[in-house]
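What you are looking at is a predicted structure, and each value in this text was computed from that prediction instead of being measured.
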Amino acid sequence: MRMLIKKASSFLLVNFIIFVVIYCVYYSYNKIKYDELDEYIKVNLYKVFDNLEAISSFYANAPFISVERGLHNIEKVGIYVPQDGEIKSLSTGIDVISEKLKNFIGDDFWSLGVIDNNNKNKNTIYFSPMRVPHIQIFLKSDYDFFNHILVSENLPSTYELSLKNGLFKQTEPYNESFNEQSIRSIYYPIYIKRDLKALLLLDIKSSIYQTWAEKFNQNQFTVLKINENNNREDLRKISLPYTINCELFLYIDKVLLFKYSLIFSFLVTLALNYAGKSINYLVDFYGKDTMTECIRRDIIEPKLRNKILHNQAIMMVDIDFFKKINDEYGHGFGDEVIKITASILKKSIRKSDTCIRWGGEEFMIILNVKNIDLDFLINKAEQLRLKIEEQTLLHINFTVSIGVALGKQQDFTEVLKNADMALYNAKNNGRNQVAYL
């Protein structure tokens with residue numbers, strides 16, 4: 001349980017550190033992207049303007065058709081005709097532009113209309129789509145829509161003024177009276193030979209800029225939002241073209257910033273944890289003996305040759321009469337003897353100690369010793385010898401001889417030589433014993 005709590009604490013600490021780094025980097029990344037989103041919104045808006053400008057060509061080349069007074073639906077375009085007579089056939093052009101805008105703007109497209117002033121004070125009105133409230137307004141009202149909009153929206157009434165102030169006019173967001181839908185209107189005057197003939201009116205939902213911001217976020221993996229009011233921290237102002245005192249404000253969504261940073265940091269921590277386990281597995285796979293799962297001599301010996309042992313001891317453990325066991329019981333049984341010996345040795349030492357398969361039936365144990373205590377080392381070696389002698393996993397008894405040498409600021413090679421000599425003495429003195437040098 002304690003080990004589990006320790007691992008969980010370590011995981012959470014690493015995750016917290018990674019989260020802080022990712023949060024700061026991600027926050028900076030979003031601030032860098034302010035300018036790109038600003039440009040992205042303006043480019044999209046100019047694409048809308050480019051589509052609207054096509055109406056001038058349709059209007060100039062549209063033929064006249066005779067229509068009776070009232071409401072008509074021609075090619076999916078609703079038309080209000082105030083009196084019998086000839087009107088411009090604009091349905092095809094309006095439908096083409098509407099479809100292009102719908103494909104580009106999507107659900108934020110609200111309606112596209114043209115108010116034709118060809119018959120003075122008797123405006124022909126085209127709308128795609130024309131809604132029931134529009135019809136009710138047209139039927140109940142008899143005033144001059146064209147000039148009413150020119151005055152109320154302060155639109156340029158001459159070609160020269162439009163060149164000075166810009167052809168387009170975009171309004172601030174407002175709610176339609178009949179359904180409370182928040183929209184913006186874009187007006188475009190249609191001039192024929194410098195005479196103002198008609199007004200194009202595009203209504204778009206005021207959410208369009210946030211929609212574009214969300215598309216930008218998806219492509220750039222940002223968490224930027226649009227705000228109409230300057231009431232947040234870290235705001236970046238966008239001045240919309242063809243508007244007066246109408247601005248947008250970009251800000252970083254801190255909730256999403258926190259959420260994505262937390263998710264990403266958790267995934268990175270998991271990946272690092274998995275990578276660490278994978279590395280440990282590879283180290284074990286390539287660095288450990290397949291039979292005993294002890295460290296291989298050829299892997300660790302080059303690192304030990306130039307090492308100075310600081311308060312460390314070496315134990316050389318060798319299975320007694322191993323050739324006799326192989327000859328009498330077979331090599332397969334001899335392998336089992338080696339496996340049992342390795343298992344007992346590994347279970348009997350600490351994680352900070354090292355168990356190495358040094359030869360066929362020979363093992364080296366490197367013990368870390370804080371306080372130099374010869375009696376402790378000899379007792380430890382004696383415990384290992386007894387555990388192997390008293391094992392009951394195999395149906396025969398076998399023994400080991402152990403040579404012990406202590407290193408205090410000594411070369412590994414020198415300590416190993418002493419441990420080998422001690423093992424040699426243990427073998428010559430009758431085996432199944434511990435010797436120290």
Side-chain angles (χ1 to χ4, degrees), residues 3 6-7 10 14 272 275-320 322 338-339 341-388 400-429 431-437:
M3 182 62 66
K6 184 177 180 181
K7 287 183 178 180
S10 176
V14 172
L272 290 175
K277 289 182 178 179
S278 299
I279 291 172
N280 289 335
Y281 172 78
L282 290 174
V283 170
D284 290 345
F285 183 79
Y286 290 104
K288 288 188 176 181
D289 176 58
T290 54
M291 180 188 295
T292 63
E293 294 187 356
C294 294
I295 297 174
R296 285 163 40 189
R297 176 178 179 176
D298 60 325
I299 294 295
I300 198 170
E301 186 175 16
K303 301 176 183 177
L304 294 174
R305 284 299 176 187
N306 298 320
K307 185 176 180 181
I308 302 296
L309 298 187
H310 302 278
N311 296 332
Q312 290 176 298
I314 293 178
M315 292 183 182
M316 299 301 296
V317 182
D318 188 82
I319 301 173
D320 296 328
F322 185 71
I338 292 174
K339 290 179 183 178
T341 302
S343 177
I344 294 172
L345 292 176
K346 288 188 295 179
K347 290 179 180 178
S348 302
I349 62 176
R350 301 162 299 181
K351 285 189 174 182
S352 59
D353 300 327
T354 306
C355 185
I356 307 164
R357 189 177 182 190
W358 201 251
E361 71 276 11
E362 186 177 22
F363 297 87
M364 174 192 290
I365 296 175
I366 301 178
L367 293 171
N368 295 302
V369 185
K370 290 184 179 179
N371 298 312
I372 300 175
D373 188 337
L374 181 58
D375 292 335
F376 168 80
L377 292 176
I378 294 176
N379 288 336
K380 181 66 176 178
E382 187 64 25
Q383 289 173 12
L384 294 177
R385 185 194 67 78
L386 285 173
K387 284 183 179 181
I388 293 171
V400 296
S401 299
I402 302 177
V404 180
L406 179 64
K408 182 184 179 183
Q409 305 296 333
Q410 291 175 279
D411 290 339
F412 166 80
T413 304
E414 182 181 349
V415 181
L416 174 60
K417 182 179 179 181
N418 292 336
D420 279 335
M421 183 60 68
L423 177 63
Y424 178 80
N425 292 339
K427 292 284 188 181
N428 281 343
N429 291 332
R431 295 180 170 81
N432 190 24
Q433 60 184 272
V434 175
Y436 170 76
L437 188 64

Ionic contact status for Glu414 with Lys417, cut-off 4.0 Å: no

Drop me the distance from [X]'s [atom1] to [Y]'s [atom2], to the nearest 0.5 angstrom.
{"X": "Ile388", "Y": "Ile402", "atom1": "CD1", "atom2": "CD1", "answer": "6.0 Å"}
{"X": "Lys380", "Y": "Asp353", "atom1": "NZ", "atom2": "CG", "answer": "7.5 Å"}
{"X": "Met315", "Y": "Leu377", "atom1": "CE", "atom2": "CG", "answer": "5.5 Å"}
{"X": "Asn418", "Y": "Leu406", "atom1": "CG", "atom2": "CG", "answer": "10.0 Å"}
{"X": "Met364", "Y": "Leu423", "atom1": "CE", "atom2": "CG", "answer": "10.5 Å"}

Who are the salt bridge (charged side-chain N to carboxylate O under 4.0 Å, His left out) partners of Asp420, not counting sequence neighbours? none

How would you list, by chain and number, every residue that makes a salt bridge (charged side-chain N to carboxylate O under 4.0 Å, His left out) with Asp298, sequence neighbours excluded? Arg296

Residue pair [X] / [Y]: nearest heavy atoms and the distance that separates them:
{"X": "Ser352", "Y": "Asn368", "answer": "O-ND2, 2.5 Å"}
{"X": "Ala435", "Y": "Ala422", "answer": "CB-O, 3.1 Å"}
{"X": "Ile349", "Y": "Thr354", "answer": "CD1-C, 4.2 Å"}
{"X": "Ala405", "Y": "Tyr436", "answer": "CA-CE1, 4.3 Å"}

Should we say atom CD of Glu293 is surrounded by more than 12 heavy atoms from elsewhere, each under 6.0 Å from it? no

When you look at CZ of Phe322, are more than 12 heavy atoms from neighbouring residues, nucleotides or ligands closer to it than 6.0 Å? yes

Is there any side-chain hydrogen bond (donor to acceptor under 3.5 Å, both in side chains) pair reaching into residues 299-309, and which pairs are they, with sequence neighbours excluded? Arg297-Glu301, Glu301-Arg305

Test your reading of the model: is there a side-chain donor-acceptor pair from Gln410 to the backbone of Lys408, 3.5 Å cut-off? yes

Given Asp289, which partner from the list Arg357, Lys339, Lys346 fulfils the salt bridge (Lys or Arg N to Asp or Glu O under 4.0 Å) test? Arg357

Quick one: does Phe412's side chain get under 4.5 Å of Ile308's, heavy atoms only? no

Please tell me whether Asp320 and Ser401 have a donor and an acceptor in their side chains that are separated by less than 3.5 angstrom. yes

